[in-house]
Novice: 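Questions regarding the structure given below will be posed in turn.
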Amino acid sequence: EDRCKKEVEAIRAIREKAKLEARKAVATALRSHAEKVCLAPDALFAKLSGGREEISVESLRAAVAEATGVSKDGVSQRLELGLRLSGALTKLRFLCLLQDFKRCVKEIALTTAFEVKTSSTVRKIDVGEYLEIVGEKRVDAKTGLERVKCRALRDLKQGWITTRGNQGTAFLEHVTKPFMLYQPGASGQGGGSSGSASSGLALEESCESGSSHLQAVTSGVLLEVLEGPRQEPPLEVARIRGRAVRDGRTGWATLREANGVENFRTEERLLVCRGSIAITSAFDIGNCSAIRKLEAGEIVEQLEDPKPDEVRKLSRVHVRARRDGREGWATIKGNQGTHYLQPTEAHRSVVTSVPLEKEVDSGKTLLRQLGEGEMFEVLEGPVTEQQEGALRVCGRALHGVGPAGWFTLGDSVRPWGTSHRCLRSTPLCETSFGDGETTVLRQLEVGELLEAMEPPIHDEQTGIMHLQVRAERDGIVGLAQMIDAEGTVTLEADVKDLVVKE
C-alpha cells in the first residue's frame, strides 16, 4: 500500500511538473511574440482578442505558432498542452501569463550591462522590491552567475540583475503580477488612503500628492500597478493648540497643511467680550432696548469705529455677534475705564472643517471636528510637526478607458493577486449570486487554494464582492463570495507586500 501511494505521488508530481512546463512554454512564446510585434501588453490583448473580452484558444495558437516559426498545426506537444490548460484568456489571466514578475529576497545591485565587471551600478535593489523581467535569463560563463534584464517597478529603472549566485544563492523569488483592490470598509485591512467611500479613490496626474485630479474610481475596482510604490519626502505641517469658542473644548489642530493650504483665517476687527454686557438696538443707552447679553469670551465683529457718549463718559461700538449674527450696539469702555470688549489677534475662524485632537501629533486621539466658520482661540503655537511622506502608486483600472494615475496607499487600498486562499468556508456556485436560484457546486474549505479567473464583481446594493475562481484541488470553476455583506474577507489574496520604504 505504501509503495502504491509513493508511485501515485510520483505520477502526480510528474504531471504537475509537465503542466507547469507547458504553461511556461506558452508564456515564453507569448513574450517572444509581443517582442516581435512591438506591442505593449494592453495593445497585444486588444489585437489578439479582436476587441472582445477574451482571447480564444485559436488566436493564442496562431500567436504561439508565429513566435516559434511553425504552422498552427505544427505546435509542439508541450505548447499544445499549455494551450489546452490555459483555455480562453481574459485580460486578467493574459496579463498575469504574459508579464513575469520577481521579488527581491536578498539585496542586490541593478547594473547597466550583462557582464558584471564591465558594467556600473544603476542603483541598489532593496529586499521586497518588485521587478518585471524584460529579457531571457543568461549565465555568465566567466563567473557562473545567472543574470537577467529587468525593470524595477518602484521607479521603472532598467538594467541587469543577478538572479542566482555561483554558489546557488537566490536573490529573487517568483511573484504574480501586482494589483491593488479599492475596497473601503473591508475588515482586516491596514493603512489610510486618498479618497473616501463616498468620493471614491482619487487618481492624480503625478506622484506628488495634491497634483491635478484625473478621475475617481469606485469601490470594488481592480487597479493594475504600473509604477511604485514611491515614498514622498517628509512633510511639515504647522500645529496650534487652542480652545473652541463654541463649547470650550481644548486641543490641537492643523493650522497649515504640508501643501500650504491654510485651515484657519485671521480676521480683522474682531473683539472678545471680557465681561457680560448687553447688545442694544441703538447707540443711545437711554433710548434703546436690549437685544441680548454678550457672555464673557464671546466674539463679536466690529462694524464701525467706536463712538464716545460724552454725556455718560463711555464709548460704544456697533457690532455683530459671531455666534448668531445678531447686530447691535455694545459698550466697549465704561465710565470707570472698564474695557468690556477688547481687540483680539488670538482668535481665528475655521476655513474648512479640521480635526480637533488631543495630542500635538496629528492623527491620534480625535476630540471632535471643528466646523467651517467656527471660532478658535489660539493658546499655543504654531509648532512644526514632521510627518512621514505618503506612499504613492501609479495604477490604472484593469477594465475601462480611464487614464492611469497616482494614488495614496492606505486602509481602502490593499494588494491583490490572482492566487487566493479560503479564510472562511463558503459555497462555490455555478452562477452569480442574485435574486434567482444558484447551483452550489460544493463548499470551499478553509485553507483551500484558488486561482482568480476574473476581476472581483462588486454588488453596490449589498456590498458583497464575488470572485470567479478555479479550485486548485479539483479544477472546478465557479463563483464565491470574496467579501460578505458585513465587509468580512472570506477569500484572501495570497500576495507579498508591495510596500518597500525608501
Novice: Give a yes or no on whether E262 atom CD has more than 12 heavy-atom contacts from other residues, nucleotides or ligands under 6.0 Å away.
Specialist: yes
Novice: For the CD atom on Q369, are there more than 12 heavy atoms of other groups (residues, nucleotides or ligands in this structure) within a distance under 6.0 Å?
Specialist: yes
Novice: Is a salt bridge present between R154 and E129, judged by a nitrogen-to-oxygen distance below 4.0 Å?
Specialist: yes
Novice: Just by modelled atom types, is the E54 backbone N or O under 3.5 Å from a matching donor or acceptor in the T90 side chain?
Specialist: no
Novice: Closer than 3.5 angstrom, by distance alone: can the side chain of H458 be matched with the main-chain N or O of S219 as a donor-acceptor pair?
Specialist: yes
Novice: Tell me if a side-chain donor or acceptor on N263 pairs with a main-chain N or O of T254 at a distance below 3.5 Å.
Specialist: yes
Novice: Between Q215 and P403, is there a side-chain heavy-atom distance shorter than 4.5 Å?
Specialist: yes
Novice: Would you say H420's side chain and G417's backbone share a donor-acceptor pair under 3.5 angstrom?
Specialist: yes
Novice: What heavy-atom pair brings F264 and L370 nearest, and what distance separates the two atoms?
Specialist: CZ-CD1, 3.9 Å
Novice: Consider side-chain hydrogen bond (donor to acceptor under 3.5 Å, both in side chains). Of E204, Q231, E227, which one does R392 pass it with?
Specialist: E204
Novice: Side-chain contact test, heavy atoms from C-beta onward, threshold under 4.5 Å: evaluate it for E232 versus E208 and give yes or no.
Specialist: yes
Novice: Are R147 and D140 within salt-bridge range, i.e. N to O under 4.0 Å?
Specialist: no
Novice: Of the non-hydrogen atoms in I125 and A152, which two are nearest, and what is the gap between them?
Specialist: CD1-CB, 4.2 Å
Novice: Verify the distance criterion only: is there a donor paired with an acceptor across the side chains of E146 and T163 at less than 3.5 Å?
Specialist: yes
Novice: Verify, without hydrogens or angle tests, whether S49 (side chain) and F45 (backbone) share a donor-acceptor contact under 3.5 angstrom.
Specialist: yes
Novice: Is the shortest side-chain heavy-atom distance between E454 and R93 below 4.5 Å?
Specialist: no
Novice: Is there a donor-acceptor contact under 3.5 Å from the side chain of R424 to the main chain of V489?
Specialist: yes
Novice: Is a side-chain donor or acceptor of Q158 paired with a backbone partner of K149 at a separation under 3.5 angstrom?
Specialist: no
Novice: Given 3.5 Å as the limit, does a donor-acceptor pair link the side chain of S59 with the main chain of I55, or not?
Specialist: no
Novice: Are the side chains of M465 and Q183 in contact, using a 4.5 Å heavy-atom criterion?
Specialist: yes
Novice: Where the side chain of R396 meets the backbone of E224, is there a donor-acceptor pair that is under 3.5 Å apart?
Specialist: no
Novice: Would you call V469 and V477 a side-chain contact if the rule is heavy atoms closer than 4.5 Å?
Specialist: no
Novice: With side chains defined as the heavy atoms from C-beta onward, is the minimum distance between L222 and P456 less than 4.5 Å?
Specialist: yes
Novice: Do R164 side-chain atoms and G168 backbone N/O form a donor-acceptor pair below 3.5 Å?
Specialist: yes
